[in-house]
Amino acid sequence: MIDLKQEEGHTVARVFPDHFLWGASTAGHQVDGGDTTSDISFLEHVQPTVFKQPAGSACKSWERWQDDLDLVSGMGLNAYRFSVEWARIEPEEKVVDQSALDHYDRMVDGCLDRGITPLITLSHFVCPHWFGAKAGWFNPDAPSLFADECLRVLKVLGDRVAMAVTFNEPNLPRILSTGALSTQAVEAQRQCLEVASRKAGVERYRVGNVVIPEEVEQLELGFRRAHACAVEAIRSQCPNLPVGLSLAVIDESYVSEKGKALAQARRDACYRPWIQAVQGNDFIGVQNYERETMGDQGPLAAPEGVDTSESGAPVCAGSLVNAVVYIRELTGLPVLVTEHGVCTADDQVRSRFISSSLPPLVDLARDGFPLLGYFHWSLLDNFEWISGYDMHYGLCSVDRSGGTYDRTPKGSAQTYRKLVAETVI
């Protein structure tokens with residue numbers, strides 16, 4: 001779409017890129033159901049566990065993936081980001097389940113048949129149980145094991161997927177360790193990992209999204225080493241396939257000089273360690289959900305009268321563009337918004353959020369900012385890790401209680417559809 005603006009007495013054409021990806025994101029463990037060979041499934045069933053409930057059948061997307069793709073197509077979107085689950089493909093070490101690879105092969109073809117561009121995430125927090133029992137990303141062999149998995153997947157899918165995301169939010173444990181978790185929550189994670197280690201009969205059972213603070217630095221080192229090996233493996237198989245990773249990015253703001261120092265300290269801890277790791281990548285993924293405003297003593301509570309999410313965070317439309325611009329300046333890479341959304345049972349809040357968040361992003365793209373696309377989280381109300389099914393991010397609801405697992409688009413899906421249609425026409 002072309003529009004015009006006046007700039008110093010001249011008319012300047014502002015062109016929205018015709019290659020822009022408008023999509024929605026999901027992750028296997030959160031939507032598929034029946035995931036019995038993963039590390040997170042194992043943790044969900046130990047006692048005590050940090051998970052409110054097991055994922056169980058989730059949204060039954062393993063069986064109903066075609067329904068999910070029809071939802072994406074029905075919203076007028078041209079892209080879908082989903083995860084390819086290592087635990088499905090290699091449920092036992094060195095035992096490859098060809099039927100799982102065939103499943104993802106059909107999913108990619110299903111996307112293309114509907115005019116949907118498929119993007120894959122190769123590690124969205126979940127790994128095989130046997131990998132967790134080998135200490136997960138703390139294992140010195142983890143990078144080569146993950147590279148083998150990436151190569152296995154790309155040999156099948158690499159000729160048809162548009163982009164590959166190696167890791168989903170590998171900096172999230174660092175963000176959580178900077179004050180987002182209470183002492184009680186940290187202790188609960190410690191107990192969960194200890195009992196998992198005993199149950200598995202190993203010294204150190206470890207996963208990517210249940211992490212104790214003193215191990216965050218070592219975990220991030222494992223992620224970065226594995227990312228480098230994965231990029232090398234992917235490029236050896238698919239030299240022209242764009243590859244990168246996604247970062248969780250809070251829009252840090254402040255209201256005082258002390259607050260500014262706190263905000264900068266958070267940024268230095270959570271984002272700067274990744275600058276070198278992503279150099280030479282083709283893009284950087286940004287996943288933004290909120291703004292955090294720092295005062296003298298730390299984060300401020302949401303102001304009265306503003307929309308808040310189910311987690312109590314203020315809903316701030318401006319946080320997305322701020323996060324995108326910041327990460328571009330930090331890394332120098334083109335940006336792909338791999339996730340953005342709000343957890344709320346009030347879909348009018350989500351609709352308002354979409355309506356106010358996306359126009360500034362569109363303006364950014366029209367002005368030549370290297371923005372590759374936008375993926376809303378999530379397509380479906382799904383399993384949200386330790387919160388179980390209490391957090392609602394979906395553009396579509398899923399009838400889990402009735403046992404039908406039928407999907408129903410919400411009003412926010414129509415809001416998103418309308419905004420996309422008006423942008424690309």
Side-chain angles (χ1 to χ4, degrees), residues 1-7 10-25 72 74-81 117 246 249-253 283-293 302-303 305-309 313-329 334-344 346-379 393-396 409-425:
M1 180 178 181
I2 300 176
D3 65 3
L4 302 172
K5 70 175 181 178
Q6 293 296 127
E7 201 170 86
H10 301 285
T11 300
V12 181
R14 306 172 72 229
V15 182
F16 190 77
D18 57 11
H19 59 274
F20 195 85
L21 298 173
W22 287 110
S25 289
V72 174
M75 280 188 278
L77 306 179
N78 64 8
Y80 181 49
R81 171 181 169 245
T117 299
S246 72
V249 185
I250 296 173
D251 176 24
E252 286 88 0
S253 183
F283 65 90
I284 183 72
V286 167
Q287 309 201 166
N288 170 257
Y289 290 91
E290 61 193 281
R291 170 180 294 160
E292 188 170 77
T293 303
V306 304
D307 288 335
T308 57
S309 70
V315 179
C316 300
S319 68
L320 177 59
V321 165
N322 288 350
V324 164
V325 170
Y326 169 68
I327 292 300
R328 163 64 180 175
E329 292 173 348
V335 175
L336 178 69
V337 178
T338 42
E339 290 183 19
H340 173 253
V342 58
C343 57
T344 178
D346 185 346
D347 193 55
Q348 292 185 359
V349 171
R350 181 174 296 103
S351 288
R352 290 195 295 269
F353 184 61
I354 291 171
S355 296
S356 53
S357 297
L358 295 194
L361 193 75
V362 169
D363 286 341
L364 203 62
R366 284 196 181 118
D367 286 337
F369 186 92
L371 187 66
L372 305 177
Y374 170 90
F375 288 76
H376 194 84
W377 183 273
S378 174
L379 178 65
Y393 283 94
L395 294 162
C396 306
K410 303 176 186 177
S412 56
Q414 180 60 25
T415 299
Y416 187 23
R417 175 191 172 93
K418 184 173 182 290
L419 190 146
V420 170
E422 291 174 346
T423 301
V424 301
I425 290 174

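No experiment lies behind these values; they were computed from the predicted model shown. We use all heavy atoms of the structure for the numbers below, so side chains are in, but hydrogens, waters and symmetry mates are not. Along the sequence shown, residues are numbered consecutively beginning with 1.
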Checklist entry - When the aromatic ring centroids of Phe353 and His340 are compared, is their separation below 6.0 Å? => result yes
Next on the checklist: Nearest 0.5 angstrom please: Gln287 CD to Leu336 CG, how far?
Outcome noted: 9.0 Å
Next on the checklist: How long is the straight-line distance from CZ of Arg366 back to OG1 of Thr423, given to the nearest 0.5 Å?
Outcome noted: 6.0 Å
Checklist entry - Checking side chain to side chain contact (heavy atoms under 4.5 Å, CB included) against Phe369, which of Leu361, Val335, Val321 comes through? => result Val335
Next on the checklist: If we ignore hydrogens and angles and just use 3.5 Å, is the side chain of Asp251 paired with the main-chain N or O of Ala323 as donor and acceptor?
Outcome noted: no
Checklist entry - Between the main-chain N or O of Thr344 and the side-chain N or O of Arg350, is there a donor-acceptor pair closer than 3.5 Å? => result yes
Checklist outcome for this item: Paired with Ser319, the side chain to side chain contact (heavy atoms under 4.5 Å, CB included) test is passed by just one of Asn288, Val324, Ile250, namely Asn288
Item to check | Value rounded to 0.5 Å, distance of CG in Leu379 from CH2 in Trp377 | outcome: 9.5 Å
Checklist outcome for this item: d(Asp367 CG, Phe16 CZ) to nearest 0.5 Å is 11.5 Å
Next on the checklist: I'd like to know whether Tyr416 forms a side chain to side chain contact (heavy atoms under 4.5 Å, CB included) with Leu77, so could you lay out the CA-CA distance, the side-chain angles of the two residues, the decisive distance to 0.1 Å, and finally the verdict.
Outcome noted: CA-CA 9 Å; Tyr416 187 23; Leu77 306 179; 3.6 Å; yes
Checklist entry - What's the shortest heavy-atom distance between Tyr80 and Ala24, and which atoms? => result CD1-O, 3.3 Å
Next on the checklist: Let me confirm one number: the OG-CZ distance from Ser355 to Arg352, rounded to the nearest 0.5 Å.
Outcome noted: 9.5 Å
Next on the checklist: Among Val286, Thr338, Ile284, Val337, which residue satisfies the side chain to side chain contact (heavy atoms under 4.5 Å, CB included) criterion with Ser246?
Outcome noted: Thr338
Checklist entry - Can a donor-acceptor pair be found between the side chains of Ser412 and Asp347 at a distance below 3.5 Å? => result yes
Checklist entry - Checking Arg417 side chain against Gly74 main chain: does a donor-acceptor pair fall under 3.5 Å? => result yes
Checklist entry - From Arg81 CZ over to Leu21 CG, what is the distance, rounded to the nearest 0.5 angstrom? => result 12.5 Å
Checklist entry - Are Phe20 and Trp22 an aromatic pair by the rule of ring centers under 6.0 Å? => result yes
Checklist entry - Quick one: does Arg291's side chain have a donor or acceptor within less than 3.5 Å of a partner on Pro314's backbone? => result no
Next on the checklist: Taking atom NZ as the centre, does Lys410 end up with more than 12 heavy-atom neighbours from other residues, nucleotides or ligands that are less than 6.0 angstrom away?
Outcome noted: yes
Item to check | Between Ser25 and Glu339: side-chain donor-acceptor atoms closer than 3.5 Å | outcome: no
